[in-house]
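Accompanying notes for the structure given below.
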Amino acid sequence: MIKHSSLTTEQMACVYAWLAQLFSRERDDDSLALLQSSEMAEWFAVLKGEPSLEAEVLQLEEKIAALQVREDATLELAADFCSLFLMSEKHAALPYASAHLEGGPNYGVIKRLLADAGMQVSETFSESADHLAIFIELLSHLHFSLGESGLSRQRIDALRRETLAGLLRWLPEFTAKCRRYDDFGFYGALSQLLLALVRLDIQN
């Protein structure tokens, strides 16, 4: 049975864009304050209206609440980001397809998907094209495109499905490592929300 999301294509696009930012760089004081704002609470309420995301959003909200009483929260969260995503040691969750597929057949496929979508990696983004944030940003772009008139919805939807399938080849392993090695749990919860969103998306 096909499961239809209660979220619109524009809402899905916004969630992906937000997640891409969170996985692309460390948080600063301003972005941490935004996470704890009433505006974000309203956005989370919308996401919890989708049953398949409710548990993951609640878990993330718990971690955000815990940040309010965490000493030097911005610095500590930045340290979590670095130890999880920027280290090459065993106790990390490297956010690259190639780190989980071992040079498998889909390594580099993201560049073709980007080209097919008329996109390319910004020169200001210093990471390789198979970074998790690039996959998520592409999904955001494709969902926004689905909401525009005059574009080939069938072609865009095919790109969306191919991107989701490629991401699901390694996202579960990445998420498991995030949950295992993120002692505080913010990025573990964030990756769990992303995985739930991708699984919901591919059913639509």
Side-chain angles (χ1 to χ4, degrees), residues 1-25 42-57 60 94-125 127-176 178 190-204:
M1 177 181 289
I2 296 176
K3 183 177 182 180
H4 291 284
S5 170
S6 64
L7 301 175
T8 66
T9 55
E10 291 81 4
Q11 287 172 330
M12 293 286 283
C14 289
V15 182
Y16 278 129
W18 174 69
L19 287 168
Q21 283 190 339
L22 290 172
F23 280 111
S24 66
R25 63 183 67 88
E42 292 173 3
W43 180 230
F44 285 149
V46 172
L47 296 184
K48 284 185 288 189
E50 170 54 55
S52 60
L53 301 180
E54 183 179 9
E56 286 76 15
V57 176
L60 182 59
L94 299 181
Y96 308 99
S98 53
H100 303 277
L101 297 178
E102 299 180 356
N106 269 14
Y107 176 61
V109 72
I110 187 65
K111 288 187 176 181
R112 179 181 59 77
L113 290 168
L114 286 168
D116 288 347
M119 299 176 68
Q120 61 182 5
V121 179
S122 170
E123 292 181 1
T124 61
F125 189 65
E127 301 288 352
S128 64
D130 69 329
H131 191 283
L132 176 63
I134 300 296
F135 280 85
I136 311 173
E137 189 67 36
L138 174 57
L139 287 168
S140 174
H141 170 79
L142 293 172
H143 274 279
F144 274 125
S145 296
L146 282 171
E148 296 177 358
S149 60
L151 296 173
S152 171
R153 288 182 59 88
Q154 188 174 3
R155 174 178 165 275
I156 293 169
D157 197 54
L159 283 173
R160 177 187 69 91
R161 290 184 174 280
E162 189 175 356
T163 304
L164 288 167
L167 184 54
L168 277 172
R169 294 189 64 229
W170 61 278
L171 186 61
E173 180 181 329
F174 168 81
T175 299
C178 278
L190 196 68
S191 64
Q192 194 66 36
L193 173 59
L194 172 61
L195 181 58
L197 183 70
V198 168
R199 285 173 169 163
L200 171 67
D201 197 2
I202 206 166
Q203 292 176 8
N204 288 321

Exercise. Report the C-alpha distance between V15 and L53 in whole Å, list the side-chain angles of each, state the deciding distance to 0.1 Å, and finish with yes or no for side-chain contact (heavy atoms from CB on, under 4.5 Å).
Key: CA-CA 12 Å; V15 182; L53 301 180; over 6 Å; no
Quiz item: Regarding S52 and E50, is there a side-chain donor-to-acceptor distance under 3.5 Å anywhere?
Solution: yes
Quiz item: Looking at CG of L171 and SG of C178, how far apart are the two atoms once the value is rounded to the nearest 0.5 Å?
Solution: 9.0 Å
Quiz item: What distance do L194 atom CG and L19 atom CG have between them, rounded to the nearest 0.5 Å?
Solution: 5.5 Å
Self-check item: Taking every non-hydrogen atom, the tightest pair across S98 and D130
Solution: OG-OD2, 2.6 Å
Exercise. Kindly write out the residues that satisfy side chain to side chain donor-acceptor pair (under 3.5 Å) with E56, not counting sequence neighbours, or none if the list is empty.
Key: none
Quiz prompt | 4.5 Å side-chain heavy-atom contact, L167 and L132 | solution = yes
Practice problem: Give the minimum heavy-atom separation between Q11 and S6, together with the two atoms involved. | Solution: OE1-O, 4.2 Å
Self-check item: Point-to-point distance, once rounded to the nearest 0.5 Å, from CD1 of I134 to OG1 of T163
Solution: 12.0 Å
Practice problem: Just jot down the salt bridge (Lys or Arg N to Asp or Glu O under 4.0 Å) partners of D157, sequence neighbours excluded, or say none. | Solution: R160, R161
Quiz item: Closest approach of L142 and I156, non-hydrogen atoms and distance?
Solution: O-CG2, 3.5 Å
Self-check item: Atom pair CG (L197) and CE (M12), whose distance is rounded to the nearest 0.5 Å
Solution: 4.5 Å
Self-check item: Shortest non-hydrogen contact between S140 and A13, atoms and distance
Solution: OG-O, 2.8 Å
Quiz item: F135 and ring pair (Phe, Tyr, Trp, His ring centres under 6.0 Å): which partner among F174, W170, Y96?
Solution: W170
Exercise. For residues H100 and E173, report the shortest heavy-atom separation together with the two atoms involved.
Key: ND1-OE2, 3.2 Å
Exercise. Identify, with sequence neighbours excluded, every residue that meets side-chain contact (heavy atoms from CB on, under 4.5 Å) alongside L60.
Key: W18, F44, I64, F186, A189, L190, L193
Practice problem: Using side chain to side chain donor-acceptor pair (under 3.5 Å) as the criterion, list what pairs up with H141, not counting sequence neighbours. | Solution: none
Quiz item: Do the side chains of R199 and P172 get nearer than 4.5 Å, heavy atoms only?
Solution: yes
Quiz item: Does E10 have any side-chain contact (heavy atoms from CB on, under 4.5 Å) partners at least two apart in sequence or in another chain, and if so, which?
Solution: T8
Self-check item: CG-CG distance between D116 and L159, expressed to the nearest 0.5 angstrom
Solution: 5.5 Å
Quiz item: Of the non-hydrogen atoms in F144 and C14, which two are nearest, and what is the gap between them?
Solution: CZ-SG, 4.0 Å
Practice problem: Answer yes or no: is there a side-chain heavy-atom contact under 4.5 Å between V57 and W43? | Solution: no
Quiz prompt | V198 and I136: CA distance, side-chain angles, deciding distance, side-chain contact (heavy atoms from CB on, under 4.5 Å) verdict | solution = CA-CA 9 Å; V198 168; I136 311 173; over 6 Å; no
Quiz item: So how far is it from L146 CG to Q154 CD, rounded to the nearest 0.5 Å?
Solution: 12.0 Å
